[in-house]
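Single-structure report; data block below.
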Amino acid sequence: NSHGNVSVPWFFKRMTHGKGWMATVPTGNTYSMKWDTELKFTNASYKMTAYYPKDGDYIILEQNLNDKPDYITVGGSSNKKLEAIDGTTDDPGTFTFDADTKKLS
């Protein structure tokens with residue numbers, strides 16, 4: 001995005017959390033997640049924590065997938081949208097999957 005590219009290494013112990021990746025990102029942007037590996041994921045789970053979000057704050061994460069996902073939940077519920085996500089008006093946890101590009105947002 002307009003902030004450039006960054007590579008975040010995976011660690012067994014982060015500053016405040018266990019193993020995984022940790023990054024600080026500005027709100028109001030879309031971020032593309034890409035993995036520096038030849039391996040293909042067939043099952044993935046993500047856990048994200050946002051500290052002190054204010055009304056109107058949003059982050060859109062997107063990732064290209066190999067196939068159409070079988071099942072998706074965000075925040076314990078499924079809130080799928082057919083058109084592109086608008087971070088300023090959509091509810092938290094809203095997601096979309098573009099079958100043509102295989103992009104999950």
Minimum heavy-atom separation for Asp90 to Ile85, with atom names?
-> OD2-CA, 3.4 Å

Hey, what do you get for CG (Asp86) to OG1 (Thr88), rounding to the nearest 0.5 Å?
-> 3.5 Å

Straight-line distance of Ile60 CD1 to Thr27 OG1, nearest 0.5 Å | 11.5 Å

Asp57 (side chain) donor-acceptor with Asp55 (main chain) under 3.5 angstrom | no

Salt bridge (Lys or Arg N to Asp or Glu O under 4.0 Å) involving Lys102 - partner list, sequence neighbours excluded = none

To the nearest 0.5 angstrom, please state how far the CG atom of Leu104 sits from the CE atom of Met33.
-> 8.0 Å

Can you name the closest pair of heavy atoms from Ile59 and Val25 and give their distance?
-> CD1-CG2, 3.7 Å

Those residues that, when tested against Tyr52, pass ring-ring contact (aromatic ring centres under 6.0 Å, His included) (two or more places apart) | none

Looking only at non-hydrogen atoms, find the nearest pair between Asp67 and Phe97 and report the distance.
-> O-CZ, 4.1 Å

Distance (rounded to the nearest 0.5 Å) between Tyr58 OH and Thr30 OG1 | 6.5 Å

Under the side-chain hydrogen bond (donor to acceptor under 3.5 Å, both in side chains) rule, collect the residues that match up with Ser7, sequence neighbours excluded.
-> none

